[in-house]
Amino acid sequence: MLTVALLYGGRSGEHEVSLQSVRSIIRNLDRGRFRPLLIGIDKSGRWYLQPGTLIDEVRDGDAALSVISDQTKLIAIHPAAGFSVNGAYLPVDLVFPVLHGTFGEDGTVQGLLEMANLPYVGAGVLGSAVGMDKEISKRIWQAAGLPVTPSITVRRSQLATVSGKDIAGLSKRAQELFGYPLFVKPARAGSSVGVSCVDDRRQFIGAVQAALRFDTKLLIEPAISGQEIECSVIGNASVTAYAPGEIIPSHRFYDYDAKYRDPDGALLQIPARLTETEANEIRRIAAAAHQAIGVEGMSRVDFLVSQPERTIYINEINTIPGFTRISMFPRMCEAAGVPYAELLTTLIELGEQRYREEQSLTFDYSDSS
Ligand SMILES: Nc1ncnc2c1ncn2[C@@H]1O[C@H](COP(=O)(O)OP(=O)(O)O)[C@@H](O)[C@H]1O
Ligand SMILES: [Mg+2]
């Protein structure tokens with residue numbers, strides 16, 4: 001029996017999504033092979049061991065999950081020595097970070113787990129950090145010959161102030177390059193937080209100001225009108241891409257409300273409305289995108305397909321995609337014949353495999369000739 005610590009909650013705006021994701025994971029984890037342990041991170045960023053009874057309540061009942069901040073159950077993490085709780089060593093075989101967005105999906109937690117010498121599920125430090133940054137990931141995909149939505153990057157420091165006057169010059173340049181409508185988005189956020197679609201200069205200025213609340217760097221892109229497609233990718237050195245599926249938002253785009261607030265915000269359709277050739281091409285690009293930025297374990301690669309040209313563009317990658325009952329990532333795998341429980345087992349095995357490979361490396365040059 002392997003003890004798997006499910007790390008959930010967190011400081012990001014996606015705390016609630018994480019609660020939903022981990023709930024589904026508890027319900028689907030193979031009980032014969034894995035013993036789950038819950039480590040909840042509250043919104044202030046502290047880690048707490050959760051009562052074991054919570055697992056049964058969630059597994060067998062309808063209990064909603066939360067993070068209980070019991071000061072006697074505060075978790076400490078030690079360089080090369082894993083976790084302790086209240087001064088006592090806490091044995092854990094592997095960690096499954098079920099955290100979305102900042103401090104979870106961006107390589108920071110992954111670095112902490114590396115230092116603690118704990119195996120974990122999903123992308124490592126590099127793949128996570130690159131995947132989180134929409135500018136850097138696109139640069140690498142472009143260099144690898146993969147198609148990405150055109151964009152310009154703007155740093156906060158390039159603007160004298162964030163007043164309308166200083167942003168107006170930027171709107172002129174973006175309009176000349178791409179024309180309206182335009183998308184403005186933070187380079188490193190998620191859940192559509194700070195993302196706007198704008199039709200004129202006045203809206204553009206407001207959108208830049210909004211995006212800069214969430215990041216010091218933002219992207220401006222032409223609005224690609226057509227279909228929004230997603231594809232699950234699993235694997236370390238060799239990878240498999242599943243589905244793709246399609247998001248059909250009832251809002252202007254797949255904004256925060258469409259994702260989380262409005263139950264009719266979007267239709268999630270598997271398979272996507274694509275020709276066989278297009279679906280194959282998207283799977284090929286998704287697998288290549290996952291590998292190009294050095295992601296391990298899992299990812300969901302999101303695309304935009306323009307209409308009527310039918311040009312395929314990578315929009316972004318998510319290295320810890322949603323795992324809720326209705327999330328696209330597990331559903332696309334399921335549609336391709338990989339049930340949720342089997343998917344979780346595979347992800348855990350991939351995490352162990354990566355750890356074993358890293359353990360076989362030497363970092364000491366002194367006795368090598
Ligand atoms: N260039 C674009 N053209 C059309 N729609 C876009 C574009 N960029 C983003 N969107 C829409 O905005 C949503 C959120 O943007 P995205 O880049 O995926 O950021 P996030 O990381 O917050 O999900 C997408 O799901 C899509 O609906
Ligand atoms: Mg997205």
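Keep in mind the model is a prediction, meaning the values are calculated, not measured. Remember, it's 1-based here, ligands and their atoms both numbered in the order they're listed.
Side chains of S327 and T324: a donor-acceptor N/O pair is present below 3.5 angstrom, by distance only. Looking at T161 and D166, their side chains do bring a donor and an acceptor atom within 3.5 Å of each other. Side chains of T153 and K134: a donor-acceptor N/O pair is absent below 3.5 angstrom, by distance only. Checked by atom type, the side-chain pair H100/S191 shows no donor-acceptor distance below 3.5 Å.
Contact annotation: for S225 versus ligand 1, there are no heavy atoms closer than 4.0 Å. In L304, the part holding a heavy atom less than 4.0 Å from any atom of ligand 1 is the side chain. By the criterion of a heavy-atom distance under 4.0 Å, the side chain of F183, and not its backbone, is placed next to ligand 1.
Against a heavy-atom cut-off of under 4.0 Å, Y254 is close to the following atoms of ligand 1: 13 (C), 25 (O), 27 (O). Listed by atom number, the atoms of ligand 1 under 4.0 Å from A223 heavy atoms are 3 (N). Distances below 4.0 Å separate heavy atoms of K259 from the following atoms of ligand 1: 23 (O). Residue contact check: E316 has heavy atoms under 4.0 Å from atoms 16 (P), 18 (O), 19 (O), 20 (P), 21 (O), 23 (O) of ligand 1. Those atoms of ligand 1 with a heavy atom of E221 less than 4.0 angstrom away are 1 (N), 2 (C), 7 (C), 8 (N). Set against the non-hydrogen atoms of G190, the atoms of ligand 1 under 4.0 Å away are 20 (P), 21 (O), 22 (O).
At least one side-chain heavy atom of F83 sits less than 4.5 Å from a side-chain heavy atom of I77.
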When the side chains of residues 229-237 are checked against the rest of the protein, which donor-acceptor pairs come out under 3.5 Å, sequence neighbours left out?
residue: E230; atom: OE1; partner: R300; partner atom: NE; Å: 3.1
residue: S232; atom: OG; partner: F329; partner atom: O; Å: 3.1
residue: N236; atom: OD1; partner: G297; partner atom: N; Å: 2.9
residue: N236; atom: ND2; partner: L350; partner atom: O; Å: 3.1

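Comment: E16 engages K43 in a salt bridge, judged by a side-chain N to carboxylate O separation of less than 4.0 angstrom.
Distances from atom 9 (C) of ligand 1 to the heavy atoms of K185, E228, R252 put K185 nearest. Of the candidates N318, V195, N315, I224, it is N315 that places a heavy atom closest to atom 16 (P) of ligand 1.
D302 places no side-chain N or O within donor-acceptor distance of the main-chain N or O of E316, the cut-off being under 3.5 Å.
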* Yes or no on salt bridge (charged side-chain N to carboxylate O under 4.0 Å, His left out) for D60 and R31, after CA distance, side-chain angles and deciding distance? -> CA-CA 13 Å; D60 306 321; R31 298 184 193 205; 3.4 Å; yes

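Inside a sphere of radius 2.8 Å centred on the Mg ion (ligand 2), the protein N/O/S atoms present are E316 OE2.
Y340 and V4 fall within the same hydrophobic cluster, defined by Ile, Leu, Val, Met, Phe, Trp and Tyr side-chain heavy atoms under 4.5 Å apart, directly or through other members.
Atoms CG and CD1, from L54 and I68 in turn, are 5.0 Å apart once rounded to the nearest 0.5 Å.
Using bins of under 30°, 30° to 60° and over 60° for the plane-to-plane angle, the ring pair Y180/F204 lands in the perpendicular bin.
Protein heavy atom in closest approach to atom 12 (O) of ligand 1: F253 CD1, 3.1 Å. At the top of the distance list for atom 21 (O) of ligand 1, counting protein heavy atoms only, stands K134 NZ, 2.6 Å. Remark: minimum distance from atom 22 (O) of ligand 1 to any protein heavy atom is reached at S192 N, 2.6 Å.
Note on ligand 1: P222 sits in its first shell, one or more heavy atoms being nearer than 4.0 Å.
Stacking of R354 on the aromatic ring of Y120 is recorded, both the 6.0 Å distance cut-off and the 45° axial limit being met.
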